[in-house]
Amino acid sequence: MTGIDDLPVRDELRGKSPYGAPQLDVPVQLNTNENPYPLPEPLVARIAERVAEAARGLNRYPDRDAVELRTELAAYLTRTGKHPVGVENVWAANGSNEVLQQLLQTFGGPGRTAIGFEPSYSMHALIARGTGTGWISGPRNEDFTIDVEAAVQAIAENAPDVVFITSPNNPTGTAVGAETVLALYEAAQAAKPSMVVVDEAYVEFSHRDSLLPLLEGRPHLVVSRTMSKAFGAAGLRLGYLAADPAVVDAVQLVRLPYHLSAVTQATALAALEHTDTLLGYVEQLKAERDRLVTELRALGCEVTDSDANFVQFGTFPDTHAAWQSILDRGVLVRDNGVPGWLRVTAGTPEENDAFLDAVRELMKEQER
Ligand SMILES: Cc1ncc(COP(=O)(O)O)c(C=O)c1O
């Protein structure tokens, strides 16, 4: 049988495996940071209506620039981000992964490099690889916060073309303050100047405000967002960015024409009409996330402070065995490869109870 490596694939793809969390069929799935609440029925009905409307025009290509959708996303950011954002500041694509890919196609690429502070979202490195961008793994402190001094030094030494700051960070849950972004931005401008991408996929769950106001006067800063988490619409595939209008113009050099289908645009617009209801679920999830932190600590686990819809907990002498023990009790969590640590996504109260019961048993087992 022909395998990948028998094909004339690019050297940097040889021997590599695709991204993928295990998709196991277990009763409680808390491994991919999804929102556990299905979309409310009135929204499902509104999506059906708007998609029906769009379907009547499917013989035509969609709005290539997604102007109506970008206008509504800008209004959402302005309302929640404490910073005025216009349609000219916003770009949208199929999930924030595609936004990040377009950014690396535009500002990275062969002969260029990007840096991230790891452990962090593994797709940053994978998208770098896919776009031929060299990857530099920057440091973090032992408590998983960004070591600002070391990060500034790594930027000065490597002069990367793109700097990723994930806040709140995945898989650790830690968020950064404006001062950290400013220090890294200044270092990146002095070294190159380079683009700084703040990945705010989980920001709606944070105790801190969005870093959007930092866009003012910083044309090399980009904030990326998604409807996959807070809007409970991971299946929709809609991500977006806010930045200087020049960045929005630049990514259009690499986007495929008509990349956002009319069905996607219609669905996202329907979801945005129901923003308040969806953000209500976010409040419930934040309370559940805080409960997970408290209860895991009461069970004797170490827990990283979380600003996201998930919690990193540990530490286990055998991470895989701990993951398996929780799975054996019907609960799937994520082993992100951070030695000693696992990550659980905040689910419904019932799912979280099942998870906490499984950890209680695991901790008892470990005491024996
Ligand atoms: C930090 C971070 N950024 C971006 C994404 C990509 O999300 P999507 O492509 O669904 O918008 C994820 C998904 O888990 C993530 O954890």
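Quick note: residue numbers are just sequence positions, from 1. Remember, it's 1-based here, ligands and their atoms both numbered in the order they're listed.
Taking the six-membered ring where the residue is Trp, Y258 and Y61 present parallel rings, their angle staying beneath 30° rather than reaching 60°. Between H124 and F164, the ring-plane angle classifies as parallel under the 30° and 60° cut-offs.
Listed by atom number, the atoms of ligand 1 under 4.0 Å from T166 heavy atoms are 1 (C). Within ligand 1, counting atoms from 1 as listed, the ones closer than 4.0 Å to a heavy atom of G95 are 9 (O), 11 (O). Per-residue contacts place N170 under 4.0 angstrom from the following atoms of ligand 1 (heavy atoms of the residue considered): 16 (O). Residue contact check: R237 has heavy atoms under 4.0 Å from atoms 8 (P), 9 (O), 10 (O) of ligand 1.
For atom 16 (O) of ligand 1, the nearest non-hydrogen atom of the protein is Y202 OH, 2.6 Å. Closest to atom 13 (C) of ligand 1 among all protein heavy atoms lies K229 NZ, 3.4 Å.
Side-chain atoms of Q189 and H220 include a donor-acceptor pair closer than 3.5 Å. Of the N and O atoms on the side chains of E12 and W135, not one donor lies less than 3.5 Å from an acceptor on the other residue.
With sequence neighbours excluded, no residue satisfies salt bridge (charged side-chain N to carboxylate O under 4.0 Å, His left out) with R334.
Results of the side chain to side chain contact (heavy atoms under 4.5 Å, CB included) test with I155 over L184, V196, I136 single out L184 as the only residue that passes.
Judged by distance alone, with hydrogens and angles left aside, the side-chain atoms of E204 form no donor-acceptor pair with the main-chain N or O of L279 at under 3.5 Å.
Comparing N309, N94, D199 by heavy-atom distance to atom 2 (C) of ligand 1, the nearest is D199.
Contacts between M227 and ligand 1, counted as non-hydrogen atom pairs separated by less than 4.0 Å, are absent for every part of the residue.
By the 3.5 Å distance cut-off applied to N or O atoms, S96 is counted among the residues near ligand 1. Between N97 and ligand 1, at least one pair of N/O atoms sits closer than 3.5 Å.
Note on ligand 1: S228 sits in its first shell, one or more heavy atoms being nearer than 4.0 Å.
N352 is listed as a side-chain neighbour of L30, based on a closest heavy-atom distance under 4.5 Å.
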